[in-house]
Amino acid sequence: MRSLLFCCLCRSLHLPGRPLQSPAHQITDVQFMTIRALLTELAQNAMLAAGIPAECEPHVAPSKNPAFGDYQINGAMGAAKKVGSNPRELAQKIVAELKLDGIAQKVEIAGPGFINISLDSAWLAKLLLDQPPYASLAQGLEPQTIVVDYSGPNLAKEMHVGHLRSTIIGDAVVRVLESQGHNVIRQNHVGDWGTQFGMLIAELEAQLQQDERAELALQDLEHFYQKAKKHFDEDQAFADLARQYVVRLQAGDAEVLKLWHKFREVSLAHCEEIYELLNVSLTPEHVRGESFYNPDLPVLVEELKNQGLAQEDQGAQVVFLQELADKNGNPSPVIVQKKDGGYLYSTSDLAAIRFRVGTLGAARIMVFSDARQALHMQQVYTIARKAGFASEQVKLEHCPFGTMMGSDGKPFKTRTGGTVKLAELLHEAVERASKVIQDTELTAEEKAEVARKVGIGAVKYADLSKTRTLDYVFNWDQMLSFEGNTGPYLQYAYTRIRSIFRKAGINPAELEAQLQLVEPQEKALALKLLQYGETVDQVAQEAMPHLLCTYLYDLASLFMTFYEACPILKDGVDVEIRNSRLILSDSVAQTLRAGLELLGIEVMEKM
RNA sequence: GCGCCCGUAGCUCAGCCGGAUAGAGCAACGGCCUUCUAAGCCGUGGGUCGGGGGUUCGAGUCCCUCCGGGCGCGCCA
């Protein structure tokens with residue numbers, strides 16, 4: 001719980017059952033909370049005072065329809081059923097106990113027992129001035145150590161669209177969590193180990209012997225991989241060498257390791273480039289690849305065996321999970337060691353959990369990976385609990401995402417059916433954005449920067465704005481449109497506000513802090529601004545960035561409506577009104593910028 | 001066969017522990033620029049929320065069932 005408002009009423013939380021005495025106008029700065037949290041608490045107190053059992057929740061929610069006020073308490077109906085009384089009468093009793101002086105302008109009972117609250121404009125104005133919503137997210141939260149595993153490309157190949165969702169969704173959630181003051185540890189679980197590296201290293205050595213430089217040979221990783229594969233398939237001697245290299249690699253052979261390091265270095269450099277272009281906060285220090293866990297794997301399997309969790313089956317070491325059995329009682333099998341002695345991703349994922357809990361001190365672990373890995377993650381988490389790698393206190397979360405689809409409804413591919421390279425996709429985005437930008441006053445340099453921010457922002461926003469767990473359809477025209485719920489629309493809304501200040505020659509920081517919410521559009525905008533923290537909280541809890549996108553789009557839309565209805569710099573606007581509307585506009589700009597930053601999307605002054 | 005996910009306007013999507021006449025955008029149609037960025041705003045039309053049962057004051061939301069689609073299920077990751 002967190003945020004904007006404060007109130008001494010919170011003390012009553014420690015005195016359950018005791019009626020609330022403090023008049024609301026005495027609200028002072030003791031503890032931050034959102035409007036929703038404040039109203040929930042006040043409603044809960046009123047319900048207790050009305051004799052309703054404590055387990056009945058108030059169910060406070062923002063009203064969907066302006067006719068029903070700003071917030072509504074929906075708990076009266078449920079409570080009435082529980083205590084066996086008339087819901088409308090019970091609502092009356094609750095309202096009689098509600099201490100909303102100075103907060104609400106109107107409280108009404110409607111329908112079967114809804115309690116509709118219209119907030120007081122002066123109160124909203126004061127809140128907005130006292131606690132700018134975009135500036136106080138970290139207030140009052142218990143900081144946690146949270147390990148976030150995202151991106152995790154396979155270093156054998158070039159990054160492709162399959163890595164896009166994990167990378168940008170994970171990065172947005174990471175930024176949201178950090179904004180709340182949590183100790184976030186990024187883990188880029190790259191695929192830098194496994195049999196395919198034998199082949200790649202053999203190929204690299206072959207090319208180095210032909211006086212090729214590693215950087216040059218690996219310039220096009222995709223091409224290099226295909227070449228190695230072809231070589232492997234067609235040349236028996238090469239294939240044998242490759243297999244030999246796998247063994248030497250696993251045995252820690254210095255020469256082979258050196259080549260492996262070289263390969264890894266070049267491949268990682270390629271990832272860094274993509275991250276930078278994408279404005280993703282991952283850096284080399286966050287890389288913790290599969291190879292890191294290699295030494296721990298035999299130890300871990302031995303431990304699973306000793307605990308009686310793993311047993312030999314058809315030559316492999318297998319953990320049978322009764323917890324995940326089908327309805328016929330067949331346990332779910334998880335292989336942790338192959339019959340040839342090799343390990344699998346289950347094994348290194350388990351080692352990763354143990355490391356994250358034991359060494360990194362994670363209280364919460366979030367893994368952003370494809371929805372198709374759901375069963376695997378469930379198996380790994382179940383084993384981790386049983387083996388004691390993670391206690392019940394540690395939250396283990398798989399944050400799955402759906403597949404990126406083309407307009408034909410099938411997985412996104414090139415026209416010829418190949419894998420779409422991420423670098424090419426992103427460059428195309430910038431290229432397309434540069435064609436969409438109309439502003440002729442920008443210099444070539446400015447225009448290039450705007451194109452980059454708009455193009456990359458559009459790709460990210462399109463992805464982030466859809467429900468994470470669903471498949472989503474990739475569509476250039478839609479994401480680069482300035483109409484509707486898109487990145488460019490939000491960036492435009494921001495620049496539009498900045499242009500007001502440019503035109504007026506005013507620095508928002510020097511504005512006199514005074515705000516009056518007279519027109520309905522002004523009040524609606526202020527209320528929306530104050531709900532920023534509620535949204536960010538929810539994104540942090542559920543790892544669902546699309547909620548923030550929806551919020552920012554609503555905010556921008558409300559601003560546009562306000563802007564049409566309420567003149568600011570035009571002739572005949574009273575100075576105080578003008579100042580007030582400038583404050584409101586600036587608050588919107590700051591919130592848009594802060595929100596977009598949490599999504600990893602940049603804004604610009606002009607476009 | 002077993003399991004997970006999905007089905008909401010022509011299209012792309014929202015819908016917050018069940019809450020009031022199911023919301024946006026695009027597309028269609030009609031308005032609004034001599035004044036703050038019209039890349040905008042205002043309005044109209046458009047729905048058996050896949051079908052059918054059930055739970056209850058109330059179901060797009062929860063349960064069951066059927067239909068349709070996607071994905072996964074011991075030695076790839």
Side-chain angles (χ1 to χ4, degrees), chain A residues 36 57 59 61-65 67-68 72 74 77-78 80-81 87 110-114 116 152 154 191 194-196 290 313-320 324-328 330 332-340 342-346 348-349 369-376 378-379 400 402-403 405 407 409 436-439 462 465-467 469-473 475 477-478 481-486 488-489 491-493 495-504 534-535 538 542 544 546-547 549-550 553-554 557 560-561 563-565 567-571 573 581 585 606-607:
Chain A
R36 189 176 191 168
E57 288 177 41
H59 290 290
S63 300
K64 280 179 189 168
N65 187 330
F68 304 143
Q72 55 182 240
N74 296 331
M77 282 94 77
K81 192 192 313 191
F114 298 101
N116 296 333
N154 185 341
T195 51
Q196 60 198 331
E290 291 176 337
D313 190 85
Q314 296 171 40
Q317 290 298 327
V318 186
V319 178
F320 290 97
L324 301 178
D326 65 20
K327 69 176 181 186
N328 301 320
N330 303 311
S332 179
V334 184
I335 297 178
V336 291
Q337 185 174 22
K338 299 192 279 183
K339 66 179 170 195
D340 70 2
Y343 302 99
L344 296 108
Y345 69 141
S346 298
S348 53
D349 278 358
S369 71
D370 196 290
R372 284 169 290 194
Q373 293 182 10
L375 174 60
H376 161 73
Q378 215 181 336
Q379 291 172 329
T403 307
M405 303 295 206
S407 47
V436 162
I437 294 162
Q438 292 174 357
D439 198 317
S465 61
K466 272 92 185 173
T467 303
T469 53
L470 267 41
D471 292 347
Y472 97 98
V473 178
N475 183 318
D477 294 335
Q478 206 181 336
S481 168
F482 285 81
E483 294 166 346
N485 188 8
T486 67
Y489 176 86
Q491 287 167 324
Y492 170 67
T495 62
R496 208 174 177 187
I497 298 172
R498 296 300 302 144
S499 118
I500 297 170
F501 285 92
R502 215 165 32 242
K503 186 124 191 165
E534 294 174 14
T535 305
Q538 210 181 341
E542 300 170 23
M544 288 291 210
H546 83 281
L547 297 170
C549 296
T550 303
Y553 177 62
D554 288 346
S557 300
M560 295 293 189
T561 301
Y563 191 54
E564 296 288 331
I568 303 172
L569 301 178
K570 293 185 182 181
D571 292 340
V573 179
R581 287 178 181 166
S585 299
K606 293 186 212 169
M607 67 192 293

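Numbers restart at 1 for each chain; the letters A, B, ... are given by sequence-line order, proteins then strands.
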OP1 or OP2 of [N] versus the side-chain N and O atoms of [X]: is any pair under 4.0 Å?
X      : N      : answer
A:K327 : B:rC2  : yes
A:K64  : B:rU21 : no
A:T403 : B:rC71 : no
A:Y472 : B:rA14 : no

Need one value for [X]: base, sugar-phosphate or nothing, where a base atom within 4.0 Å counts as base even if backbone is also close, heavy atoms only.
X      : answer
A:A316 : base
A:K339 : base
A:Q378 : nothing
A:E57  : base
A:A110 : base
A:M560 : sugar-phosphate
A:S499 : base
A:G113 : nothing

Taking the side chain of [X] as heavy atoms from C-beta outward, which of [options] is closest to it?
X      : options                : result
A:L470 : B:rU12, B:rU56, B:rC6  : B:rC6
A:F482 : B:rC13, B:rA39, B:rC36 : B:rA39
A:E483 : B:rA14, B:rG25, B:rC42 : B:rG25
A:T495 : B:rG15, B:rA20, B:rU37 : B:rU37
A:Q72  : B:rA14, B:rA20, B:rA27 : B:rA20
A:I500 : B:rG25, B:rA14, B:rC36 : B:rC36
A:R372 : B:rU56, B:rA77, B:rG72 : B:rG72
A:Y492 : B:rC41, B:rA39, B:rC36 : B:rA39
A:R502 : B:rG19, B:rC75, B:rU37 : B:rU37
A:Y345 : B:rA77, B:rC42, B:rG19 : B:rA77

Is the side chain of [X] donor-acceptor paired with the backbone N or O of [Y] at a distance under 3.5 Å, no angle test?
X      : Y      : value
A:N328 : A:N330 : no
A:T550 : A:H546 : yes
A:T495 : A:Y492 : yes
A:S465 : A:C549 : no
A:K466 : A:A462 : yes
A:S481 : A:D477 : no

Return whichever of A:K338 or A:E564 has its heavy-atom-nearest nucleotide of RNA chain B closer to the 5' end. A:E564
Go nucleotide by nucleotide along RNA chain B from the 5' end; which of A:N485 and A:E542 gets its closest nucleotide reached first? A:E542
When the [atom1] atoms of [M] and [N] are compared, how many Å lie between them, rounded to an integer?
N      : M      : atom1 : answer
B:rC32 : B:rC16 : C1'   : 35 Å
B:rG47 : B:rU8  : P     : 15 Å
B:rG10 : B:rU48 : P     : 8 Å
B:rC41 : B:rC49 : C1'   : 30 Å
B:rC64 : B:rU55 : C1'   : 11 Å
B:rG46 : B:rG3  : C1'   : 39 Å
B:rC62 : B:rU56 : C1'   : 11 Å

Measure distances between side-chain N and O atoms of [X] and base N and O atoms of [N], and say whether any donor-acceptor pair falls under 3.5 Å.
X      : N      : value
A:N116 : B:rA20 : yes
A:H59  : B:rC17 : yes
A:R36  : B:rC16 : yes
A:N65  : B:rU21 : yes

Going by purine N1 to pyrimidine N3 plus the second Watson-Crick contact, or the G-U wobble pair, all under 3.5 Å, which nucleotide sits opposite [N]?
N      : value
B:rA22 : none
B:rC36 : none
B:rG60 : none
B:rA28 : B:rU44
B:rA14 : none
B:rC71 : B:rG3

At what distance, to the nearest 0.5 angstrom, does CG of A:L547 lie from CD of A:E534? 12.5 Å
Which is it for B:rC33, anti or syn, if anything within 90° of zero counts as syn?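 You should classify B:rC33 as syn.
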Measure the distance between the ring centre of [X] and the centre of the six-membered base ring of [N], then answer whether it is under 5.5 Å with planes under 30°.
X      : N      : answer
A:Y563 : B:rC36 : yes
A:F114 : B:rA20 : yes
A:F68  : B:rA20 : yes

Shortest non-hydrogen pair, A:V318 vs A:D313, comes out as CG2-CB, 3.8 Å
Between A:Q379 and A:S346: side-chain donor-acceptor atoms closer than 3.5 Å: no
